[in-house]
Amino acid sequence: MLKYKNGSFHACGVSFRLPEGACLETESVTSYEYGLTAWLEKHDLWFEIFVDDEDDPRADLETLFTNESSTFVPYSPITEILHNGMRGHEVFYHDSKSDYYECRLIVSEGISVVFYAWCHRDSVKNIKALPEIQEALKNIRIEEKKMEHNQSEFQMNLGQMLRMQRKNAGLSQSETAEKLGISLTSYVYYEMGRVCPNLVTVKKMAEVFGVEPSLFLDPEQFIA
């Protein structure tokens, strides 16, 4: 689930907020756990923002047009972009009824944030150029990785250790979280060094990666 705080939605190390005039759809059409759907009445336009588990945003966009059952036709080439420090790709496309704009931005390894908007065909000249859409895109940001007053050097090192062990095991962040029985957001925060896992999770980590539990324990807090 998304976390809402100080006017913004938060998940998996990324934050975003709704533009002025947007209405939040309570029965979201998106199937993603970390996402939302909203409507702009002024332009009769819908958009979604959600966090996805992917490593190659460009490839995912390409499948929109290469899938045999797809009815989408690109207006533009898939273009590489840099947005608020995040690399990604964007594309404009349409089908017989609607026009679409979509961009996919890399937050961290295996985690992307997707912005997807659509409206009736030819009702808007340029979806991305709308002030409300510009505002929504501007507010998609990676959360600052600042050291909290109670955040130890061990927490930062733990994140690096987890990332290394996960890569060695050939797992994505989402796959690792599933094996550990925790949410994707919780695991991402472990790798970011924001929080430390409890002893139950530490034991599961040791089992998943085939190492000793002591590898994930703070020596200043736990004595063998």
Side-chain angles (χ1 to χ4, degrees), residues 1-5 8-19 22 25 28-38 46-67 70 72 74-93 100-118 127-128 133-145 159-160 162-164 166-167 169-180 182-194:
M1 299 291 289
L2 291 172
K3 179 180 179 180
Y4 183 75
K5 182 179 180 181
S8 295
F9 296 90
H10 304 261
C12 303
V14 66
S15 66
F16 47 86
R17 62 175 61 200
L18 294 178
E25 174 57 61
S28 176
V29 298
T30 181
S31 60
Y32 291 88
E33 181 179 3
Y34 304 106
L36 57 79
T37 304
W46 294 85
F47 67 88
E48 294 180 0
I49 309 176
F50 58 89
V51 177
D52 197 9
D53 177 21
E54 62 180 25
D55 292 309
D56 192 346
R58 182 184 180 89
D60 283 344
L61 289 176
E62 288 175 344
T63 60
L64 290 172
F65 315 116
T66 57
N67 189 304
S70 174
F72 295 131
Y75 273 131
S76 71
I78 298 174
T79 306
E80 186 172 5
I81 59 174
L82 180 65
H83 178 79
N84 287 344
M86 293 174 281
R87 293 184 300 104
H89 292 81
E90 67 177 3
V91 67
F92 295 84
Y93 55 99
Y100 305 85
Y101 167 74
E102 185 169 342
C103 72
R104 293 174 174 257
L105 305 167
I106 298 174
V107 178
S108 61
E109 182 185 354
I111 299 293
S112 295
V113 60
V114 179
F115 181 89
Y116 168 65
W118 68 98
I127 293 177
K128 184 183 178 183
I133 298 302
Q134 286 289 304
E135 182 184 350
L137 290 169
K138 180 183 68 175
N139 288 312
I140 299 176
R141 300 181 180 276
I142 295 177
E143 296 179 328
E144 293 184 14
K145 296 169 64 176
Q160 297 173 9
L162 282 173
R163 194 174 301 112
M164 182 182 72
R166 176 174 60 79
K167 288 183 177 181
L171 297 172
S172 69
Q173 290 179 320
S174 180
E175 290 169 336
T176 304
E178 184 176 353
K179 287 180 178 293
L180 295 174
I182 61 176
S183 70
L184 178 58
T185 295
S186 294
Y187 183 76
V188 169
Y189 282 174
Y190 293 155
E191 283 203 2
M192 293 175 70
R194 292 198 171 189

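Values reported hereafter were calculated over all heavy atoms of this structure, with side chains retained and with hydrogens, waters and symmetry mates removed. Numbers here simply count residues along the sequence, with the first being 1. Quick caveat: nothing in here was measured; it's all calculated off a predicted structure.
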Would you say that [X] contacts [Y] through its side chain, given a criterion of any heavy-atom pair below 4.5 Å between the two side chains?
X: Val51; Y: Val14; answer: yes
X: Val113; Y: Met86; answer: yes
X: Ile49; Y: Phe9; answer: no
X: Phe47; Y: Tyr101; answer: no
X: Phe16; Y: Leu36; answer: yes
X: Ile81; Y: Leu105; answer: yes

When rounded to the nearest 0.5 angstrom, what distance separates [atom1] in [X] from [atom2] in [Y]?
X: Gln173; Y: Arg166; atom1: CD; atom2: CZ; answer: 4.5 Å
X: Tyr116; Y: Asp52; atom1: OH; atom2: CG; answer: 13.5 Å
X: Asn84; Y: Ile140; atom1: CG; atom2: CD1; answer: 8.0 Å
X: Tyr93; Y: Phe65; atom1: OH; atom2: CZ; answer: 6.5 Å
X: Asp56; Y: His89; atom1: CG; atom2: NE2; answer: 7.5 Å
X: Lys128; Y: Glu90; atom1: NZ; atom2: CD; answer: 3.5 Å

[X] and [Y]: which non-hydrogen atoms are nearest, and at how many Å?
X: Gly170; Y: Glu175; result: O-OE1, 4.1 Å
X: Arg104; Y: Pro57; result: CB-CB, 3.6 Å
X: Thr37; Y: Glu48; result: OG1-CG, 3.5 Å
X: Gly35; Y: Phe50; result: CA-CB, 3.6 Å
X: Ala38; Y: Leu18; result: CB-CD2, 3.8 Å
X: Leu184; Y: Ala177; result: CA-CB, 3.9 Å

Begin from the C-alpha positions of Tyr190 and Ile182 and carry the test side-chain contact (heavy atoms from CB on, under 4.5 Å) through to its verdict.
CA-CA 11 Å; Tyr190 293 155; Ile182 61 176; 3.6 Å; yes
Salt-bridge test for Arg58 and Glu62: reply yes if a basic N is under 4.0 Å from a carboxylate O, no otherwise.
yes
Full working for side-chain contact (heavy atoms from CB on, under 4.5 Å) between Val188 and Ile111:
CA-CA 9 Å; Val188 169; Ile111 299 293; 4.3 Å; yes
side-chain contact (heavy atoms from CB on, under 4.5 Å) evaluation trace for Trp118 with Glu102
CA-CA 9 Å; Trp118 68 98; Glu102 185 169 342; over 6 Å; no
Sole residue of Trp46, Phe72, Phe92 in ring-ring contact (aromatic ring centres under 6.0 Å, His included) with Tyr100:
Phe72
